[in-house]
Amino acid sequence: MANLNIDTIKERTFDAIVIGSGMSGGWAAKEFTGKGLKTLVLERGRDVKHLKDYPTTNLYPWEFPHHGVVPNEIQKANPIVNRCYAFGEDAMHFFVKDAEHPYVQEKPFDWIRGYQTGGKSLLWARQTQRWSDFDFEGPARDGFAVDWPIRYADIAPWYSYVEKFAGISGNRDGLAELPDGEFLPAFPLNAVETYFSNHLKKNYKGRHVISARCAHLSKPNQIHLDQGRGQCQERTLCQRGCPFGGYFSANSSTIPWALKTGLCTLRPHSVVESIIYDDKKGKATGVRVIDAQTKEAIEYYAPVIFVNAAALNSNLILLNSRSSRFPNGLGNDSGTLGKYVAFHNYSAHINAEYDGAKEWTTDGRNPAGGGYIPRFRNLHKQETNYLRGYAAGFYAYRGRLQSGEGIGEDLKKNLVNKELGGWQVGSHMMGETIPKESNYVALDKSLKDPWGIPQLKISVDYDDNDEKMKKDYIEQMTEMFTSAGFKNIRPGTDHRAPGLDIHEMGGVRMGKDPKTSMLDKWHRLHACPNVYVTDGASMTSTSCQNPSLTYMAFTARAVDHAVGEMKKGNLS
Ligand SMILES: Cc1cc2nc3c(=O)[nH]c(=O)nc-3n(C[C@H](O)[C@H](O)[C@H](O)COP(=O)(O)OP(=O)(O)OC[C@H]3O[C@@H](n4cnc5c(N)ncnc54)[C@H](O)[C@@H]3O)c2cc1C
Ligand code: SF4
């Protein structure tokens with residue numbers, strides 16, 4: 001029963017409601033308030049304020065109780081998040097505790113979540129590559145999924161718009177498969193990364209190593225200083241929350257910007273249970289929230305609702321929004337809700353050594369992580385026995401020849417040894433996976449979470465296409481490493497479950513045809529057009545580029561559309 005006695009319906013009525021305050025929700029909040037709308041942002045987790053709530057940000061390694069290592073009992077209690085590379089003693093407070101947020105793994109799936117203001121934008125690796133028409137045209141050309149209802153030209157100005165505000169470093173590389181953006185200066189490649197880049201340029205048509213593009217203020221502009229952010233100091237301790245606001249997060253950027261307008265109400269501890277659909281009015285009228293602390297149910301109302309709870313939670317909310325008009329989930333006339341979930345395949349890597357360039361080393365750290373190899377397979381024609389392709393990271397570094405062996409004087413000598421080792425090089429695969437009906441999420445019929453909401457059942461797996469792509473990555477990288485003169489080449493694959501890539505997408509896909517998709521080209525539900533979904537749930541296919549920049553651009557574009565509709569009186 002809603003708490004009609006506690007406050008008035010008027011006080012719980014806004015111009016817009018945004019569900020989730022993370023990477024995409026932060027943008028919705030900023031854009032709505034920037035256009036003068038009274039906006040409610042509902043966040044299921046606690047509030048995390050920029051600077052104030054980064055408890056580890058300035059700690060030295062020896063100041064951590066366990067020197068940065070997550071204690072055994074915490075690791076054991078959290079087997080899922082513990083598999084994420086960023087789950088260290090310095091950042092574990094920004095991850096959910098596995099036991100507190102149960103879900104059903106019909107097939108193994110590592111669902112990595114950060115429930116707090118800012119969501120996973122506090123934790124991300126900040127890689128921000130645009131998608132191109134090779135991605136948006138993929139399904140139509142290669143015959144999988146459904147055709148995207150948009151093309152690169154629709155989103156390009158919105159990429160520029162969000163890049164300017166967020167601050168993205170990179171070079172203008174002039175590659176059609178990885179369009180250039182509005183860049184701050186790139187973090188340069190080091191000597192061996194440059195060597196490999198030049199080697200590919202000389203010997204391989206269409207294969208490149210470029211400076212990875214990332215959401216760091218290498219040289220802030222006025223708009224970044226206006227946000228209270230400063231130049232990135234290249235500490236690479238970003239997952240702790242940055243004391244300089246050197247990288248983009250919702251906490252350092254969009255959320256405080258929205259709050260500054262005075263038009264944004266941020267309500268933490270607010271678990272959105274469902275969206276309320278009014279059969280008589282034929283539209284959504286608001287959302288039903290369970291207060292995470294008191295477990296009280298509260299309703300909030302607005303003429304437009306943005307769903308930005310991150311891909312799988314956005315699916316959950318829609319699946320759980322049942323009415324007589326939509327018995328199988330809000331907007332689900334097509335029966336596709338929860339289906340065609342896809343992700344990125346990160347399960348292959350390769351390491352090696354390089355004997356040359358001994359006169360060079362690195363100085364300082366590179367927050368961009370090194371080089372990026374844009375997709376080069378199946379771009380202009382289908383050339384392999386699998387669909388789509390992969391991008392890859394590439395990095396090189398020199399370690400110290402330090403050994404912890406010996407005792408007494410020998411041990412001391414080993415530990416203080418300053419001698420530089422040779423160059424180590426490495427790469428990891430970032431493969432596109434094909435959305436399939438059989439990869440789905442659904443509500444579990446009996447299990448509920450601590451707030452009485454059905455648990456999400458996840459049934460997602462790799463397929464033969466992924467295996468073939470992985471084999472090709474290993475073969476191509478081994479060949480390129482060999483021809484570059486790298487030694488001791490060690491390719492490897494792992495048996496990680498899907499999910500650990502943290503790029504899960506789909507389930508509420510966009511499409512031209514309401515019979516086979518959930519959302520139109522503006523991210524509105526075909527069957528309930530005052531509800532927009534602009535996070536990863538909306539993706540028709542996954543590309544192989546990191547997706548968050550695209551979620552941000554989609555969100556800004558969709559808000560612009562929603563406000564236009566409001567002005568025309570179509571969303572009253
Ligand atoms: C370690 C790591 C590295 C990554 N690296 C990259 C990278 O380099 N590049 C890249 O593009 N992406 C990267 N990602 C992924 C990136 O973080 C996500 O794509 C992005 O944060 C998704 O944005 P979002 O708004 O959909 O979700 P989030 O940022 O997760 O925000 C969703 C918010 O919704 C809230 N919420 C959920 N359910 C509800 C509910 N029912 N009611 C109310 N609130 C709710 C959550 O608490 C959360 O705050 C990485 C992620 C991690 C963890
Ligand atoms: S690398 Fe840059 S953004 Fe990351 S913590 Fe350091 S200063 Fe902040």
Side-chain angles (χ1 to χ4, degrees), residues 18-20 22-25 42 44 96 101-107 109-115 119-120 145-146 271-275 277 284 287-288 305-323 326-344 433 435-445 447-449 451 453-461 498-499 501-511 516-519 523-528 531-542 547 551 554-555 558:
V18 178
I19 305 172
M23 194 85 76
S24 62
L42 293 164
R44 70 177 298 153
V96 298
H101 299 282
Y103 63 98
V104 180
Q105 299 183 55
E106 199 165 73
K107 294 176 181 166
F109 188 92
D110 289 333
W111 192 10
I112 306 298
R113 291 161 291 167
Y115 289 168
K120 299 189 294 289
V146 291
V271 186
V272 172
E273 183 238 37
S274 58
I275 295 169
Y277 183 81
V287 299
R288 193 177 145 91
I305 296 158
F306 264 56
V307 190
N308 296 95
L312 298 191
N313 269 317
S314 291
N315 273 274
L316 197 165
I317 291 168
L318 293 189
L319 285 162
N320 201 37
S321 303
R322 286 165 291 184
S323 57
F326 295 112
N328 300 316
L330 186 63
N332 192 14
D333 287 347
S334 62
T336 60
L337 176 59
K339 297 175 182 166
Y340 303 98
V341 171
F343 56 100
H344 281 162
T433 72
K436 294 180 297 282
E437 192 172 5
S438 55
N439 275 346
Y440 70 92
V441 296
L443 299 182
D444 190 86
K445 288 207 168 59
L447 293 170
K448 301 253 162 99
D449 73 8
W451 299 273
I453 299 171
Q455 287 186 25
L456 194 68
K457 183 168 67 181
I458 306 180
S459 189
V460 171
D461 210 346
D501 47 290
I502 326 177
H503 293 167
E504 60 274 11
M505 291 174 238
V508 195
R509 70 180 179 188
M510 296 169 81
T516 56
S517 63
M518 292 288 297
L519 302 172
H523 290 254
R524 297 181 292 186
L525 286 171
H526 289 297
C528 182
V531 174
Y532 289 69
V533 183
T534 65
D535 60 16
S538 66
M539 309 305 261
T540 308
S541 63
T542 71
Y551 306 161
F554 277 163
T555 304

Taking only residues two or more places apart in sequence, or in another chain, which ones meet Asn315 in a side-chain hydrogen bond (donor to acceptor under 3.5 Å, both in side chains)?
none

Quick one: side chain to side chain contact (heavy atoms under 4.5 Å, CB included) partners of Ala310, sequence neighbours excluded?
Lys120

Is the backbone N or O of Ile458 less than 3.5 Å from a side-chain atom of Tyr103, with the two atoms forming a donor-acceptor pair by type?
no

Ignoring hydrogens and geometry, is there a side-chain-to-backbone donor-acceptor pair from Ser334 to Met518 under 3.5 Å?
no

Do Ile453 and Leu316 come close enough that some side-chain heavy atom pair is under 4.5 Å?
yes

Going by side-chain hydrogen bond (donor to acceptor under 3.5 Å, both in side chains), name the residues that satisfy it together with Thr540, two or more places apart in sequence or in a different chain.
none

Euclidean distance, Ile112 CD1 relative to Glu504 CD, rounded to 0.5 Å
8.5 Å

With sequence neighbours left out, what residues match Asp461 under side chain to side chain contact (heavy atoms under 4.5 Å, CB included)?
Lys107, Asn439

Is the backbone of Ala309 close enough, under 3.5 Å, to the side chain of Ser314 for a donor and an acceptor to pair up by distance?
yes

For Glu106, side-chain hydrogen bond (donor to acceptor under 3.5 Å, both in side chains) partners two or more places apart:
Tyr440, Ser459

Say whether, by atom type as modelled, one donor and one acceptor occur between the side chain of His523 and the main chain of Thr555 under 3.5 angstrom.
no

Minimum heavy-atom separation for Gly499 to Phe109, with atom names?
CA-CZ, 3.6 Å

What is the distance from atom CG of Leu443 to atom CG of Leu319, rounded to the nearest 0.5 Å?
4.5 Å

Is there side-chain contact between Leu318 and Asn332, with at least one heavy-atom pair below 4.5 Å?
no

Just how far is it from atom CD1 of Ile305 to atom CZ of Arg524, taken to the nearest 0.5 Å?
14.5 Å

With sequence neighbours excluded, residues passing salt bridge (Lys or Arg N to Asp or Glu O under 4.0 Å) with Asp110
Arg83

How long is the straight-line distance from CZ of Arg44 back to CH2 of Trp451, given to the nearest 0.5 Å?
5.5 Å

From Thr433 OG1 over to Asp501 CG, what is the distance, rounded to the nearest 0.5 angstrom?
8.0 Å

Can you check whether Thr516's main-chain N or O pairs, donor with acceptor, with Arg509's side chain at less than 3.5 Å?
yes

List for me each residue that meets salt bridge (Lys or Arg N to Asp or Glu O under 4.0 Å) alongside Asp449, sequence neighbours excluded, and say none if there are none.
none

Any luck finding a side-chain donor-acceptor pair between Ser517 and His526 under 3.5 Å?
yes

Side-chain donor-acceptor contact under 3.5 Å, Ser24 with Asn308:
yes

Residue pairs, two or more places apart or on separate chains, that pass salt bridge (Lys or Arg N to Asp or Glu O under 4.0 Å) and touch residues 327-342:
Arg325-Asp333, Lys339-Glu437

Listed partners of Ser541 passing side-chain hydrogen bond (donor to acceptor under 3.5 Å, both in side chains), at least two apart
Trp148

Taking only residues two or more places apart in sequence or in another chain, which ones pass side chain to side chain contact (heavy atoms under 4.5 Å, CB included) with Ser321?
Ser274, Ile275, Ile317, Leu330

Exercise: identify the closest heavy-atom pair between Lys448 and Pro454:
CD-N, 4.0 Å

Taking only residues two or more places apart in sequence or in another chain, which ones pass salt bridge (Lys or Arg N to Asp or Glu O under 4.0 Å) with Arg113?
none

Can you find a heavy atom in the side chain of Phe326 that is under 4.5 Å from one in the side chain of Leu337?
no

Which atoms form the tightest heavy-atom contact between Leu519 and Ser538, and what is the distance?
CD1-CB, 3.3 Å

Are side-chain heavy atoms of Val146 and Tyr340 found at a separation under 4.5 Å?
no

Taking only residues two or more places apart in sequence or in another chain, which ones pass side chain to side chain contact (heavy atoms under 4.5 Å, CB included) with Val104?
Asp444, Leu447, Gln455, Lys457

Taking all non-hydrogen atoms of both residues, which atom of Tyr277 and which atom of Ala284 are closest, and how far apart?
CD1-N, 3.8 Å

Can you tell me how far CZ of Phe554 sits from CG of Asp535, rounded to the nearest 0.5 angstrom?
11.5 Å

Contact summary for Ala311 and Gly536, nearest pair of heavy atoms:
CB-C, 3.8 Å

